[in-house]
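Only this structure's heavy atoms are used, side chains among them; waters, hydrogens and symmetry mates stay out. Heads up: numbering here begins at 1 and tracks the sequence.
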Amino acid sequence: VQLQASGGGLVQAGGSLRLSCVASGSSFSIHDMGWYRQAPGRQRELVAGISSDGSANYADSVKGRFTISRDNAKNTVYLQMNSLKPEDTAVYYCNADITIYQAVGTIRSDHWGQGTLVTVSS
């Protein structure tokens, strides 16, 4: 199973971006999904997470500005980012807790996308 993130780019402060991340492969099911970010010189941090039933949680720094959603039929998670600030500049990574079904059994593990760069200019 692979995660492919897209939607990053350069935007002015106050602008908006929408990130997407789609999971592809065969014989799998997705549990929790989320978005993390890592700014230069800083540790990766959770931005927002969403459970399989749609319950969402957010980092305090993005509450009221970012919205996470998912389309289970498309195996896709989204992050709508509004009122962007320069401090939101980072590489954004999608994450998914996935169970893969194989003939020899099931494997449940974390999967990461490749990251997409978001740059917010002041």
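- Considering CG of Asp71 and OG1 of Thr76, their distance stands at 6.0 Å, rounded to 0.5 Å.
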(request) Could you give me the CA-CA distance, side-chain angles and deciding distance for Ser16 and Met81, then say whether side chain to side chain contact (heavy atoms under 4.5 Å, CB included) is met? (result) CA-CA 5 Å; Ser16 298; Met81 305 185 293; over 6 Å; no
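- Cluster note: Tyr78 groups with no other residue, as no ILVMFWY side-chain heavy atom lies under 4.5 Å from it.
- To the nearest 0.5 Å, the span separating OG on Ser20 from NZ on Lys74 amounts to 9.5 Å.
- Pairs engaging residues 83-122 under the ring-ring contact (aromatic ring centres under 6.0 Å, His included) rule: Tyr36-Trp112 [sequence neighbours left out].
- Atoms CG and OG, on Asp88 and Ser61 in that order, are 7.0 Å from each other to the nearest 0.5 Å.
- Taking OH of Tyr58 as the start and CD1 of Ile68 as the end, the distance is 6.5 Å to the nearest 0.5 Å.
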(message) Between Thr119 and Val11, does the side chain to side chain contact (heavy atoms under 4.5 Å, CB included) criterion hold? Intermediate values first, please.
(response) CA-CA 6 Å; Thr119 303; Val11 64; over 6 Å; no
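- Once rounded to the nearest 0.5 Å, the distance linking CD of Gln114 with CD of Gln4 reads 4.0 Å.
- Cluster membership check: Val91 shares its hydrophobic cluster with Leu46, using side-chain heavy-atom separations under 4.5 Å among Ile, Leu, Val, Met, Phe, Trp and Tyr.
- A donor-acceptor contact closer than 3.5 angstrom is absent between the side chains of Ser51 and Asp32.
- From Glu87, atom CD reaches atom CZ of Arg37 across 8.0 Å, with rounding to the nearest 0.5 Å.
- The side chain to side chain contact (heavy atoms under 4.5 Å, CB included) check on Gln102 picks up Ile100, Val104, Ile107, with sequence neighbours excluded.
- Partner of Phe66 under the side-chain contact (heavy atoms from CB on, under 4.5 Å) criterion, chosen from Leu84, Leu17, Leu19: Leu84.
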